[in-house]
Each structure stands twice: as C-alpha cells, then as structure tokens.
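Input: a single structure, listed below in structure tokens.
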Amino acid sequence: MIGLLSYYISEKPNLGTQSLPRFKGKMMVIPENSSIVIFGASGDLTYRKLIPALYHLYANKQLPENFAILGVSRTEYSDESYRDKLKHSLQEMEKTEPATLDAFIDHLHYQAINTSDTADYNKLTARLDQLADKYQFEQRNTLFYLATPPSLYSVIPASLAAHGLNDEQTGWKRLIVEKPFGYDLASARQLDKDIHEHFQEHQIYRIDHYLGKETVQNLLVFRFSNAMFEPLWNRNFIDYVEITGAEFLGVEERGGYYDGSGAMRDMFQNHLLQVLAMVGMEPPAQINADSIRDEVAKVLQCLKPLEEDDLRNNLVLGQYTASDVRGQHLPGYREEHGVAEDSRTETYVGLKAYINNWRWNGVPFYVRTGKRLPTRVTEVVIHFKNTPHPVFGQDAPENKLIIRIQPDEGIQMSFGLKQPGAGFKAKEVKMNFHYADLLETQMLTAYERLLLDALNGDATLFARSDAVEACWKYVQPILDFKQDPQSLFGYACGTWGPKECDDLLQRDGRAWRFPCKNLTDTDYCEL
Ligand code: BG6
C-alpha cells in the first residue's frame, strides 16, 4: 500500500482501476511521466508550498523521469522571467543545491491565459502539445492543480473539459482542488455538482494538507496496528477526548481572505474534523482509498447534529484583542490589515461534539482552534476512565494518551505508579516517544506527500465528496448561528481563548490540558 506508512514498501499498491506506477530500485514508487499544470502560478501558495515541495521531490529523485511543470495565470511572464522569479524565491526560502536547482528550474514553463475565458484555454492546449513533444510523452498524463481563488473552482474544470483536457483516453487527467471546497453546505454541494459535470470522482483530489501530515496518518497506524489500544478505544473506557489546533500567529497578511472565512471555515470544518475522523473512525477493511474513506465518511456522518441548545451552550466563538505578549505588542484582530473595523469574524472556536454511534455514544469530543493563542500546537488527548474501584484513593492519577501532531511530534502516555515510600499512594508518571528519535526520518512535508500521491493516483489522503459534505452539514448550523449578536467573545492575544471555553469543560468537571511547545511538560514548559 502507498497510502499510509511510508514510501519504502515491498509490494505493488492497490490502486483499483488506476494504472500502476513504476517502482524505482526496490522500494520507491516513481510516478509516470506527466505534466503538472498549476493554476494560480503567480500566487502565494505556489511560491511558498507547491514549488518548494516539487523541488524537494525532484532533489530526492521522486518525480517522474520526464515531467513538465507549467505555471498558468493571468500575469504575463516569459518562461525565463518566471524561472528567474521562482529560482530566487526558492533560494530565499530553502536550502538548495545549485546544480539540482538549475536542473529543476529547466522543467518549469509558464503560460499566461485569462483563466475566466474558456476560449483562451486553446493557448493552454497548444502549450501542452508543445511540451508533450519536447518531453516525448507517450501518454498525456496531466495533473491540474487549482491554486486559485475559489471563484475559479467551477470555471477551470468546465474550461478544461471544453478543450478535451478531462479526457483520459490519452492518459490520466487529475484535478487537485485546494481548500476551501465551498463556502457553506449549499455552495459546496453546487461546486461538487459543477466539477462532477466534467470530471469523475476518481479524477478529483480535494486537498486537506492536514491529511498529508505524517503524524495525522500515524493516528491510523497507531490505532490499527496495535492490539493493545484498540480494545480500549470506545465509550466503555474513554471518558473524553480533547483536540487542540492552536496557533500563535494571527491572520498575518491574509486578513482580506480570513475576514470572510473565520476559524470555523478556515480550520475547523476541514482540518480538525479530519483529525476527529481519524480518532473516531472504525477500522478500515483494507488500507486503500475506498476502505479508509468509507470509514471517514461514516464517522463524520455520525456527528450529532447541533441543535439550538448546543449552539448556545456547547459552542464558544472568540476574537482576539490587542495585548502585550512576551514583550511584543500584538494588535487586535480588528486592527489587522484587510479586516473590517467592526468585524464579527471568529478567530477562535471551541466546541463540544458527540459522535452518535455504537463506539462513541455519550463521549464528548472537546475541539478547539484559534489564532494568537500562547503557542503553536496541534494535539489529541485521550482521557481514559478511572478504574472501577479507586483502591488507592480518589485522587489516583488519570490514564491519558497525548498524540502530538505538531510540533515536537510524538506520543505521551500517563499512568499511575506507586509513589516510593510508605503506604500505597499512586503518582502520575509519563512515557514519551518523540518522532525525532527515529533513525529513518525520511519525513515528507504534507504538500510533498500529497503531490506525490496525486501523481501516483492514490486518493487515500484526499477528502472524498461525501466526507466533505458531511463536514459542511455538521457546521452549517454554526455558520447560521455566527450571525447572532450574542455569539462572539473577546480574548486577549497570547491567552488560551475566551474564558467561556474553560467553562465548557468546567461545567462537566473537566479542564483543558494547556499544552506547551514541547511535548514533555514535566520539567519546564516552553511557549
Ligand atoms: C491553513 C489555514 O489551511 O492551515 C491557515 O488557512 C492555518 O489559517 C494553517 O494557519 C495551519 O496549518 P499548519 O500546517 O501550520 O498547522
């Protein structure tokens, strides 16, 4: 399988009806020769994420023998000026090796078109023909990456189809669609319908970069490759689950986009619900795209719909306000560039969610995400129930499993041990595993992993239509509720969000874990 563990595998992947990729040497899967067309080629995502990811794949010899990268957008560049621009930005951002960089840059090409004008795509067709000659492609395999504003997500597939660029008779044609996939339930459904008019589901790759993170994938391996945790992974033994996606940064230069989006759409609807699905899903029958995504969709469809009472009592929306943090003055959200002075956009979400199924009935999942919190940390905390009879006293330590997604990736298990000395008092101790301690650390970044998977036709780590719809369906009541004047609380930059979110757990006799940058928080806590 290529979906989950690593690229060092011993057998051919199960790719269903897709053509099988070649294997380089003994283990590594090398994609077939292909063109990679990036729409939005002059945008931030292309510079910051896509080109660096492709460069690394190239430097690690993971790209096809023959490939062309074609940047497409409205801005006029020649191949040379585009190459210069990307070369400089790569040199600024990454450690590059001059010969490798030059060789990589040679694969870059550029075509200006008016992306909103279907007729103008004939320039794209002509350019792809030319590149196919240049690189002597036998098959016209093409990956189209939509790194554009979402307003073009319906337009581009329709225009590609109008020029036959969705036709797989001459080679596969795949479409990667960046988030946000829709703005709400209705628009997500419409977008899905629009794209499906021209591309089939097996051609559509909805990217959620959290699924490309090694440690998010590890949730599955940890759960389903160990006989010792899975028997406890249910309502009989788990008391509650915390999922935290905290960021120290504010909205930076993205105020214009963020103000129309908010934490709910930006982080919760996609990244955090995907993490929740990995924690909550049933074991897949096999490790392949269909089996895994069937289980992801099922668990998301089981989320208990939010009612008026949940919106009022189990949801906390917040917005950061100015404050001095570690000697630095941080402006409030409303003072950020591109943000309306009277904005009511939430930069923080805290929610108590339930999964209505056999495994999880009654177990709360407390989920929170926010900008300008004390530190950047993403983690899942599984709190186990106490022993049935507290023979060592009521204050016996809790059994807790912390699955750290980033940074200081790792796992920490807390349990009770006899406190040395007289009597029988239990004391909490911790066992840690850090990813950094692994010797074979060929860690791909999320974009490297996902680009490679899409080139190899493996959709395991891409969100499927039904799962995306289930997420929107779940959050739609929150999007409606956001309009309510009572719905928003302030919190000072550098704090853990509105105090109302602490109350959410306190009412249940619980408290959030306040995580540090470093996983091991016994001796000191770095923020
Ligand atoms: C993006 C959001 O999808 O994820 C950003 O648009 C957010 O607002 C980012 O900062 C977080 O990603 P990561 O990988 O840094 O946790």
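This chain uses plain numbering: 1 for the first residue, then up along the sequence. One-based numbering, in listed order, for ligands and for the atoms of each.
For ligand 1, the atoms closer than 4.0 angstrom to any heavy atom of Lys179 are 1 (C), 2 (C), 3 (O), 6 (O). Close contacts of ligand 1 with Arg376, meaning ligand atoms under 4.0 Å from a residue heavy atom, involve 13 (P), 14 (O), 15 (O), 16 (O). Near Tyr210, the atoms of ligand 1 lying under 4.0 angstrom from a non-hydrogen atom of the residue are 12 (O), 13 (P), 14 (O), 16 (O). Which parts of ligand 1 touch Arg254 is read off a 4.0 Å heavy-atom cut-off, strictly below it: atoms 2 (C), 5 (C), 6 (O), 8 (O). Of all atoms in ligand 1, numbered sequentially from 1 with element shown, those under 4.0 Å from a heavy atom of Glu247 are 7 (C), 10 (O), 11 (C). Which parts of ligand 1 touch Lys371 is read off a 4.0 Å heavy-atom cut-off, strictly below it: atoms 5 (C), 7 (C), 8 (O), 10 (O).
The protein heavy-atom contact nearest to atom 12 (O) of ligand 1 is His209 NE2, 3.1 Å.
Under the side-chain contact (heavy atoms from CB on, under 4.5 Å) rule, Leu461 has a single partner from Ile207, Val216, Ile292, Leu450, which is Leu450. Considering Trp360, Tyr354, Tyr240 as possible partners of Phe365, the one that fulfils the ring-ring contact (aromatic ring centres under 6.0 Å, His included) test is Trp360.
Remark: Leu504 CG to Leu315 CG distance equals 8.5 Å, nearest 0.5 Å. For the atom pair Asp458 CG and Arg449 CZ, the distance stands at 7.0 Å (nearest 0.5 Å).
With atom 14 (O) of ligand 1 as the reference point, the heavy atom nearest to it among His271, Glu252, Met267, Lys213 is part of Lys213. Of the candidates Asp266, Thr347, Val377, Ile405, the one placing a heavy atom closest to atom 6 (O) of ligand 1 is Asp266.
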Could you give the side-chain donor-acceptor pairs of residues 268-281 under 3.5 Å, partners two or more places apart or in another chain?
from, atom 1, to, atom 2, distance (Å)
Asn270, ND2, Arg265, O, 2.9
His271, ND1, Asp208, OD1, 2.8
His271, ND1, Asp208, OD2, 3.4

Name the atoms and distances for all side-chain donor-acceptor pairs under 3.5 Å in residues 44-53, with sequence neighbours left out.
from, atom 1, to, atom 2, distance (Å)
Asp44, OD2, Arg48, NE, 2.8
Thr46, OG1, Gly40, O, 2.7

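Contact annotation: for Tyr258 versus ligand 1, there are no heavy atoms closer than 4.0 Å.
Nearest heavy-atom pair across Val349 and Ala263 is CG2-CB, 3.7 Å.
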